[in-house]
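Have a look at the structure below, then the notes.
Here the structure is a predicted model, which means the values were calculated and not measured. Chain A is the first sequence line, chain B the second, and so forth, proteins listed ahead of strands; every chain is numbered from 1.
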Amino acid sequence: MNYWLFKSEPDAFSIDDLKQSKTTHWDGVRNYQARNMMRDDMKIGDLAFFYHSNTDVPGIVGVMKIVKEAYPDHTAFDPRDKHYDPKSDPDSPRWFMVNLRYLRKFRKVIPLGLLREFANDELANMPLLRKGNRLSVMPVTEKQWSFILTLCD
DNA sequence: GCCAACGTTGGC
DNA sequence: GCCAACGTTGGC
């Protein structure tokens, strides 16, 4: 069983959107590292944090679960889509996505600033806290996962 | 809105 | 295969 963190800009797709739709396909990932993790390592039943980026208080806002393993991201085939990639075609898809189900929304966001306070201790080596980190999908260790859950009330 | 950090592209 | 230029991400 593995743990993950997914970033999203709440203006585009928020935890409240997911709460309403119950499940979603996480399309639009166009980074090879993130793609490889989705395609090769994510399994049904894995848990993931939902992170709000590019917003007034960036941070972790809830939990979701992987309910479908990687399959081709069809938005890459659509010329009108924002994430269209002419180099991906249905015969040899370049980009993949997984399906996620809403589990819970925290009563309060766990701010990035709070997480940073533990960057040298419980949350050492967390990719999210590395300077200049731009990965939109990243792994979380079991210890980090458990610790972060103690930060929400 | 600024800008540092990063991934990708493409010329050579 | 190098690396400069460029576009994007995302915190502040």
Side-chain N or O of Tyr51(A) closer than 4.0 Å to phosphate OP1/OP2 of dG11(C):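 Yes, within the criterion.
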
dA4(B) OP1/OP2 closer than 4.0 Å to side-chain N/O of Lys131(A): no

Extract from the structure each pairing of a protein N or O with an N or O of nucleotides 6-8 of chain C at less than 3.5 Å, listing the distance.
| unit_1 | atom_1 | unit_2 | atom_2 | d |
| --- | --- | --- | --- | --- |
| dG7(C) | N2 | Arg134(A) | NH1 | 3.3 |
| dT8(C) | O2 | Arg134(A) | NH1 | 3.3 |
| dT8(C) | O2 | Arg134(A) | NH2 | 3.0 |

With Asp81(A) via side chain to side chain donor-acceptor pair (under 3.5 Å) - residues at least two apart: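 Residues passing side chain to side chain donor-acceptor pair (under 3.5 Å) with Asp81(A): none at all.
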
Side chain to side chain donor-acceptor pair (under 3.5 Å) partners for Arg101(A), two or more places apart: none

Strand contacts (DNA chain C) in residues 110-126 of chain A, 4.0 angstrom heavy-atom criterion: Leu112(A), Arg116(A)

Stretch residues 53-63 of chain A: residues that reach within less than 4.0 Å of DNA chain C through a heavy atom: Ser53(A), Asn54(A), Pro58(A)

Atom [atom1] of [X] to atom [atom2] of [N]: distance rounded to whole Å?
X	N	atom1	atom2	result
Arg130(A)	dA5(B)	CZ	C1'	13 Å
Asp11(A)	dG11(C)	CG	P	13 Å
Arg30(A)	dG10(C)	CZ	P	15 Å
Leu128(A)	dA5(B)	CG	P	17 Å
Asn133(A)	dG11(C)	CG	P	9 Å
Lys7(A)	dT9(C)	NZ	C1'	8 Å

Close side-chain approach of Leu129(A) to Leu115(A), heavy-atom, < 4.5 Å: yes

Residue from His83(A), Arg80(A), Arg30(A), Lys82(A) passing side chain to side chain donor-acceptor pair (under 3.5 Å) with Thr75(A): Arg30(A)

Qualifying side chain to side chain donor-acceptor pair (under 3.5 Å) pairs, either residue in residues 109-128 of chain A, two or more places apart: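 Matches after skipping sequence neighbours: none remain.
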
Pairs satisfying side chain to side chain donor-acceptor pair (under 3.5 Å), at least one member in residues 47-69 of chain A, at least two apart: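 Every side chain to side chain donor-acceptor pair (under 3.5 Å) pair that includes a residue of residues 47-69 of chain A, provided the two are not neighbours, is Glu9(A)-Asn54(A).
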
Partner set under salt bridge (charged side-chain N to carboxylate O under 4.0 Å, His left out) for Arg35(A), not counting sequence neighbours: none

Counterpart residues, ring pair (Phe, Tyr, Trp, His ring centres under 6.0 Å), relative to [X] (two or more places apart):
X	result
His25(A)	His74(A)
Trp145(A)	Tyr3(A), Phe49(A)
Tyr102(A)	none
Tyr32(A)	Trp95(A)

